**Q** 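Below is a structure I'd like to ask you about.
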Amino acid sequence: MLLKDVADTSAAVAGVSGRLAKIDLLAGCLRRSAPAEAEVVASYLAGELRQRRTGLGYASLRDLPPPADAASLQVLEVDAAFAAIGELSGKGSTAARRERFRDLMARATPAEQRLLAALVSGELRQGALDGVLTEAVARAAEVPAADVRRAITVAGALVPVAAAVLAAGPDGLAQFRLTVGSPLRPMLASPAPDIAEALQRTGEAAVEWKVDGVRVQIHRDGNDVAVFTRTLDDITGNVPELAEAALALPVRSVVLDGETIALDPSGRPLPFQRTGSRVSSRVDVATARAKVPLSLFVFDALHVDGTDLIGAPGIDRWAALSAVVPASARVPRLVTVSVDEAQAFFDDALAHGHEGVIVKGLDVPYEAGRRGAGWLKVKPRHTLDLAILAAEWGHGRRQGWLSNLHLGARDPSGAYGPEGGWVMLGKTFKGLTDQMLTWQTAELLSLADGPTDGWVVHVRPELLVEVAFDGVQTSPRYPAGVALRFARVLRHRPDKPAAEADTIDSVLAIRGPVHA
DNA sequence: AATGTCTGCCCC
DNA sequence: ATTCTGC
DNA sequence: GCAGAATGGGCAGACATT
């Protein structure tokens with residue numbers, strides 16, 4: 001199959017808005033692919049290269065050669081080219097990669113160049129990724145979508161399932177079962193504003209500490225252990241203490257879901273940055289471990305000694321978990337119908353330095369790969385009134401709007417610059433409706449302090465926004481050494497004078513209890 | 001040797 | 001990660 | 001209710017540049 005077919009399909013998918021129309025187009029392309037090509041075609045239509053690491057990215061897209069006139073690239077040769085590029089390493093490899101990529105791009109038509117650039121940068125915007133493509137695979141293979149979805153959740157990835165079912169039909173799905181040692185997509189939680197609302201939605205619930213660490217899925221089969229992250233990256237080598245913990249359990253085989261976090265000697269959480277740094281260190285793990293040991297908080301069991309528990313109610317999975325994991329490695333948990341009891345448990349979690357709680361309906365099965373309504377996360381929220389210092393022009397559906405806002409706190413004493421100046425605390429684009437974007441674009445252009453045709457439009461710091469955020473984290477890049485975590489706009493404050501904006505001192509004061 | 005750029009189905 | 005929007 | 005899009009801060013590690 002020519003790459004042109006995939007590129008044309010993607011462009012056509014982007015050009016229609018209906019979900020069913022997108023599915024039709026995608027299924028047609030999948031059907032036209034030969035069995036040996038199905039994996040590559042499914043990958044590209046899902047917006048991913050088949051290679052996990054190519055060393056190419058956004059910066060590789062500068063200075064591209066002019067496109068070819070005629071389509072000649074086969075999907076399999078493109079895949080082979082990326083594989084070869086991914087294998088380059090060592091001195092000179094960056095230049096060699098760029099050169100090989102340029103050669104590939106020189107053979108691509110304009111439409112193909114657009115597709116390849118999107119795949120390399122990971123930004124294929126066609127209104128259809130895994131979710132819609134799953135339906136298209138089902139359509140092309142003439143099997144029920146629910147069966148394909150089930151296979152994908154236990155396989156952890158769409159592409160191998162697509163290849164199998166397109167090649168062998170329904171029989172191709174049989175091989176995809178929960179396999180100890182092979183990761184599945186973790187279940188995620190939806191946000192809820194507070195405890196009362198969460199409990200009202202779930203009814204009687206298990207309320208668990210929300211530990212601010214890194215999600216881990218631990219598989220043990222006999223003496224073999226593997227640890228995976230939320231994106232199913234294998235980090236077994238980085239976290240030997242978790243492997244040891246799994247090997248110490250009185251089981252032959254088990255799949256556990258939980259959170260790992262670095263605690264200080266008194267048992268309080270260290271800032272998330274410390275946990276993140278530790279978990280992603282892989283060169284000198286022994287030293288890293290000695291300096292920052294990891295603790296484990298398990299909250300689910302998906303498999304225990306030959307029994308799959310994914311479909312079982314949460315309360316039964318917890319019972320199975322409790323039978324094999326000691327209380328010291330389980331997340332603190334309370335089952336209740338009482339809002340007051342749940343609220344007290346939430347307050348206690350915060351008092352211990354944790355992020356909040358997860359509220360889980362008792363009957364909820366493990367909905368792998370879904371952000372279900374059965375698990376609700378509740379976290380406290382801070383707010384500040386900050387000035388907009390600048391704004392960046394948006395892309396995609398935000399083209400033509402000033403979107404990403406630079407936020408600053410007032411610095412009355414001039415601790416970080418001129419007296420009465422502003423200290424930047426980060427950026428945000430979240431929380432803005434189309435209506436707010438329209439309004440702020442006009443407003444900010446009227447406050448512009450310099451050119452408005454560049455990427456960043458600087459403005460006089462006169463418009464305030466009320467911003468919500470989860471905490472204050474230390475920052476190597478912003479002037480006060482702090483940045484807001486997960487900042488989002490709640491509303492504009494044209495009613496409030498800039499002289500009354502919150503100050504950098506009030507931001508630094510928040511840092512203590514609910515740090516990063 | 002120090003510093004800078006870039007990438008990562010990164011982590012959150 | 002969080003949030004909004006179209007389906 | 002889901003899936004997709006639009007983007008945030010910070011980290012380690014590989015390689016390039018000075």
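This one's a predicted model, so the numbers in the text were calculated from it and none came from an experiment. As a basis for the values below, the full set of heavy atoms in this structure was taken, side chains included, without hydrogen atoms, waters or symmetry mates.
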**Q** Indicate whether the side chain of A/Thr236 and that of A/Asp234 have a donor and an acceptor atom separated by less than 3.5 Å.
**A** yes
**Q** When you compare B/dC9 with D/dA16, how far apart are their C1' atoms, in angstrom units rounded to a whole number?
**A** 26 Å
**Q** Within this structure, what is the CG-to-P distance between A/Leu484 and D/dG9, rounded to whole angstrom?
**A** 10 Å
**Q** Looking across every strand, which nucleic acid part, if any, lies under 4.0 Å from A/Arg62 by heavy atom: base, sugar-phosphate, or nothing?
**A**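 A/Arg62: backbone/sugar contact only, no base atoms under 4.0 Å.
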**Q** Under 4.0 Å between any heavy atoms, over every strand shown, what does A/Thr275 touch: base, sugar-phosphate, or nothing? Just pick one.
**A** nothing
**Q** With a 3.5 angstrom cut-off on both distances, give the Watson-Crick or G-U wobble partner of D/dG4, or none if there isn't one.
**A** C/dC4
**Q** Over all strands shown, is A/Lys210 touching base, sugar-phosphate only, or nothing at heavy-atom distances under 4.0 angstrom?
**A**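 No contact.
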**Q** Using a 4.0 Å heavy-atom cut-off, does A/Val489 contact any base of the nucleic acid, only the sugar-phosphate backbone, or nothing at all?
**A** nothing
**Q** What does A/Gln126 touch in the nucleic acid at a heavy-atom separation under 4.0 angstrom: a base, only the sugar-phosphate, or nothing?
**A**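 Touches sugar-phosphate only.
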**Q** Which part of the nucleic acid, if any, lies within contact of A/Gly213, taking any heavy atom under 4.0 Å across all strands shown: a base, the sugar-phosphate backbone alone, or nothing?
**A**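 It contacts sugar-phosphate atoms only.
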**Q** Any base atoms under 4.0 Å from A/Thr231, or only sugar-phosphate, or nothing? Heavy atoms, all strands.
**A**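 Answer is sugar-phosphate: A/Thr231 comes under 4.0 Å of backbone atoms only.
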**Q** Of A/Ser280 and A/Val216, whose nearest nucleotide on DNA chain B comes first from the 5' end?
**A** A/Ser280
**Q** Less than 4.5 Å apart, side chain to side chain, heavy atoms only: is that true for A/Trp209 and A/Phe346?
**A**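 A side-chain contact is absent here, since even the closest heavy-atom pair is not under 4.5 Å.
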**Q** Any base atoms under 4.0 Å from A/Lys427, or only sugar-phosphate, or nothing? Heavy atoms, all strands.
**A** sugar-phosphate
**Q** Ignoring hydrogens and geometry beyond distance, is a side-chain donor-acceptor pair present between A/Trp401 and A/Thr438 at under 3.5 Å?
**A** yes
**Q** Under 4.0 Å, counting only non-hydrogen atoms across every strand here, what does A/Gly55 touch: a base, just sugar-phosphate, or nothing?
**A** sugar-phosphate
**Q** Just checking, is any N or O donor in the side chain of A/His492 or A/Glu466 under 3.5 Å from an acceptor N or O on the other one?
**A** no
**Q** Under 4.0 Å, heavy atoms only, any strand: does A/Val279 hit a base, just the sugar-phosphate, or nothing?
**A** nothing
**Q** Whom does B/dC9 pair with, Watson-Crick or G-U wobble, provided both distances fall under 3.5 Å?
**A** none
**Q** Using the C1' atom on both, measure B/dC10 against B/dC6 and round to a whole Å.
**A**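 Rounded to whole Å, the distance is 13 Å.
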**Q** Among B/dC12, C/dT3, D/dA5, which nucleotide has an atom closest to any side-chain atom of A/Leu129?
**A**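 Looking only at side-chain atoms, A/Leu129 lies closest to D/dA5.
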**Q** Heavy atoms only, 4.0 Å cut-off, all strands: where does A/Leu432 land among base, sugar-phosphate and nothing?
**A** sugar-phosphate
**Q** Quick one: label A/Ser190 by what it contacts on the DNA or RNA (base, sugar-phosphate, nothing), any heavy atom closer than 4.0 Å.
**A**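 The residue A/Ser190 makes no contact with any strand.
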**Q** Given B/dC6, D/dG8, C/dC7, identify the nucleotide with an atom nearest to the side chain of A/Asn404.
**A** D/dG8
**Q** Does B/dC9 fall in syn (glycosidic angle within 90° of 0) or anti?
**A** syn
**Q** Under 4.0 Å, heavy atoms only, any strand: does A/Gly92 hit a base, just the sugar-phosphate, or nothing?
**A**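 Sugar-phosphate, backbone atoms only, no base.
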**Q** Report the distance from atom OH of A/Tyr478 to atom C1' of D/dG9, rounded to the nearest whole Å.
**A** 7 Å
**Q** Send over the distance from A/Asp63 CG to B/dC6 P, rounded to a whole Å.
**A** 12 Å
**Q** Within the 4.0 Å heavy-atom criterion, would you say A/Ala59 contacts the bases, only the backbone, or no part of the nucleic acid?
**A** sugar-phosphate
